[in-house]
2 protein chains.
Amino acid sequence: MVELFPSKEPTSTKQKILETAIDLFSVNGYSAVSVREITKHVGIKESAMYNHFKTKDEILDTIFDLFRNIQKRALPPIDKLEAILAVQSPQDFLAQGFENFRRTVEDPVLVKLWRILNIEQYRDARARQIIRQEVYVGTIAFLEEAFRLMVDKGRIKPLEPRMLAFEYQYPIFSIMTEYLLLKIDDQDTTDLDELVKAHIQTFTQQVTT
Amino acid sequence: MVELFPSKEPTSTKQKILETAIDLFSVNGYSAVSVREITKHVGIKESAMYNHFKTKDEILDTIFDLFRNIQKRALPPIDKLEAILAVQSPQDFLAQGFENFRRTVEDPVLVKLWRILNIEQYRDARARQIIRQEVYVGTIAFLEEAFRLMVDKGRIKPLEPRMLAFEYQYPIFSIMTEYLLLKIDDQDTTDLDELVKAHIQTFTQQVTT
DNA sequence: GTCTATACGAGGATAGAC
DNA sequence: GTCTATCCTCGTATAGAC
């Protein structure tokens with residue numbers, strides 16, 4: 001679970017503002033949510049908000065920072081990969097993709113953060129940069145190196161590491177988006193869980209046999 | 001190319017409003033664009049806009065209709081599949097995914113419509129419904145039936161049609177999103193073209209050999 | 001169809017008292 | 001830190017003249 005302000009005062013006004021903003025931005029988007037609306041939910045006047053954040057945009061900026069920091073820790077550093085793969089079979093390594101997926105979608109705050117980033121990425125260059133670097137580029141670089149190592153040690157079929165990374169990860173990105181949408185209307189998402197599982201199984205079989 | 005009002009008066013004010021709205025919504029999102037801003041670009045007063053659309057929301061609604069109609073024609077009807085596959089090899093059929101992708105991203109209006117739908121889908125139930133039905137459900141149903149037919153006739157390996165549809169299409173959805181993002185900053189997208197091509201090639205090889 | 005004029009609530013943000 | 005009061009701009013929308 002994501003702690004917004006780990007080990008600080010538990011429910012400061014600043015945190016309440018941030019939590020409320022996350023709630024509202026993740027449903028209506030930054031532009032359609034007003035400072036009035038946020039502070040009304042928190043139970044303070046608009047002016048009081050400006051003691052905690054200089055502008056409305058600074059709230060969004062804080063949210064982006066939060067997501068960036070979480071995302072940075074989502075995967076182990078690339079230089080630890082060799083050690084990880086020394087004690088983990090390719091099957092187990094690949095199966096972790098499902099755990100990562102579950103860990104994200106099970107965390108309500110993280111789901112909201114993902115939604116905000118997805119909504120704002122078209123309008124906001126910061127969001128776009130985070131999505132591109134921390135998500136797309138970061139994940140593919142990590143996986144590419146993992147597959148390269150596995151191929152080099154002859155633990156999987158000798159296919160192109162970059163293509164393997166893509167074929168493994170990109171379907172999961174799409175499912176993630178679908179998940180974020182379904183959850184808005186409180187629709188059932190067990191099919192998506194199964195889909196991720198089946199995809200990883202299919203993929204694992206293709207590269208190991 | 002998408003014609004907004006096929007064979008009507010070529011550049012009516014209504015069309016100019018619609019085109020401008022598409023331009024602006026696709027960059028800043030519906031909520032962050034004002035009627036003032038739209039009409040300023042068109043060269044009329046705010047009040048004049050209301051002779052063409054009852055409300056600002058009606059502009060968005062028109063945009064959704066437009067996208068829905070385009071999307072409906074993006075794929076042949078499912079009951080034509082048998083005839084199509086009778087004259088087309090699995091290889092050629094699958095290669096069409098690349099043509100479809102190219103046709104979409106080459107059309108500037110279509111790219112903007114996609115962006116608008118992607119931005120608004122979280123906030124707007126209509127957008128969400130279109131994305132789910134016309135895009136996700138529609139495409140997968142089409143492909144699933146195609147693969148079912150190909151499997152039944154022994155033209156590809158006997159794998160699960162639904163999984164094949166997913167493994168074929170979902171990576172392309174992700175690339176599409178990435179494309180929409182890259183193009184905002186006018187970045188190069190030839191890598192993505194190659195990625196789609198390579199994916200379809202990889203996939204085709206897996207199911208036919 | 002477009003314009004001017006106008007309504008009027010909502011928008012972000014600040015000053016200054018407590 | 002929070003409040004009241006206030007600023008001024010922007011937001012959608014309408015009425016009525018041309």
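Hydrogens, waters and symmetry mates are skipped; everything else that's a heavy atom, side chains included, is used. In what follows, chains carry the letters A, B, and so on, assigned in the order in which the sequence lines appear, proteins first and then strands, with residues in each chain numbered from 1.
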Task: salt bridge (charged side-chain N to carboxylate O under 4.0 Å, His left out) contacts in which one or both residues fall within residues 25-41 of chain A, not counting sequence neighbours - done: A:Arg36-A:Glu46
Open item on the list: Applying ring-ring contact (aromatic ring centres under 6.0 Å, His included) as the test, list every pair that has at least one member in residues 59-98 of chain A; sequence neighbours left out.
Closed with: A:Phe67-A:Trp114
- [ ] Return the value, rounded to whole Å, for the distance between atom NZ of A:Lys56 and atom C1' of C:dT14.
- [x] 18 Å
- [ ] Taking only the side-chain nitrogens and oxygens of A:Ser34, find out if one of them lies under 4.0 Å from OP1 or OP2 of C:dA10.
- [x] no
Open item on the list: Taking any heavy-atom pair under 4.0 Å as a contact, classify A:Val33: base, sugar-phosphate, or nothing.
Closed with: sugar-phosphate
TODO: Could you please name the option among D:dT12, C:dT14, C:dC3 that lies closest to any side-chain atom of B:Ile44?
DONE: C:dC3
Task: For atom OH of B:Tyr50 and atom P of D:dA13, their distance in whole Å - done: 4 Å
Open item on the list: Rounding to an integer number of Å, can you tell me how far B:Ile17 CD1 sits from C:dG1 P?
Closed with: 10 Å
Open item on the list: Nearest whole Å is fine: how far is D:dT14 P from B:Phe53 CZ?
Closed with: 16 Å
Open item on the list: Once salt bridge (charged side-chain N to carboxylate O under 4.0 Å, His left out) is applied, what residue pairs with a partner in residues 63-74 of chain B remain, sequence neighbours excluded?
Closed with: B:Asp65-B:Arg68
TODO: Nearest whole angstrom, please: distance from the P of D:dG1 to the NZ of A:Lys14.
DONE: 9 Å
- [ ] Measure the distance from CD on A:Glu37 to P on C:dG9 and round it to the nearest whole Å.
- [x] 18 Å
TODO: By nearest nucleotide on DNA chain D, pick out whichever of A:His52 and B:Ala32 is the more 5' one.
DONE: A:His52
Task: Distance, rounded to the nearest Å, where B:Leu60 contributes CG and D:dG11 contributes P - done: 17 Å
Task: Length of the NZ-P vector between A:Lys40 and D:dC3, whole Å - done: 15 Å
Strictly under 3.5 Å: I want the nitrogen or oxygen pairs between protein and nucleotides 4-9 of chain D, one per line.
| from | atom 1 | to | atom 2 | distance (Å) |
| --- | --- | --- | --- | --- |
| D:dT4 | O4 | A:Ser47 | OG | 2.8 |

TODO: Could you list the residues that satisfy side-chain contact (heavy atoms from CB on, under 4.5 Å) with B:Ser174, not counting sequence neighbours?
DONE: A:Tyr170, A:Phe173, A:Ser174
Task: Ion pair check, A:Arg123 and A:Glu120, cut-off under 4.0 Å - done: yes
TODO: Return each pair, listed once, that meets salt bridge (charged side-chain N to carboxylate O under 4.0 Å, His left out) where at least one residue sits in residues 159-169 of chain B; pairs must be two or more places apart or across chains.
DONE: B:Glu144-B:Arg162
Task: Atom of B:Arg128, atom of B:Tyr122 and distance for their closest heavy-atom approach - done: NH1-O, 3.0 Å
Open item on the list: If the cut-off is 4.0 Å, is B:Thr13 near the phosphate of C:dG1, judged by side-chain N/O to OP1 or OP2?
Closed with: no
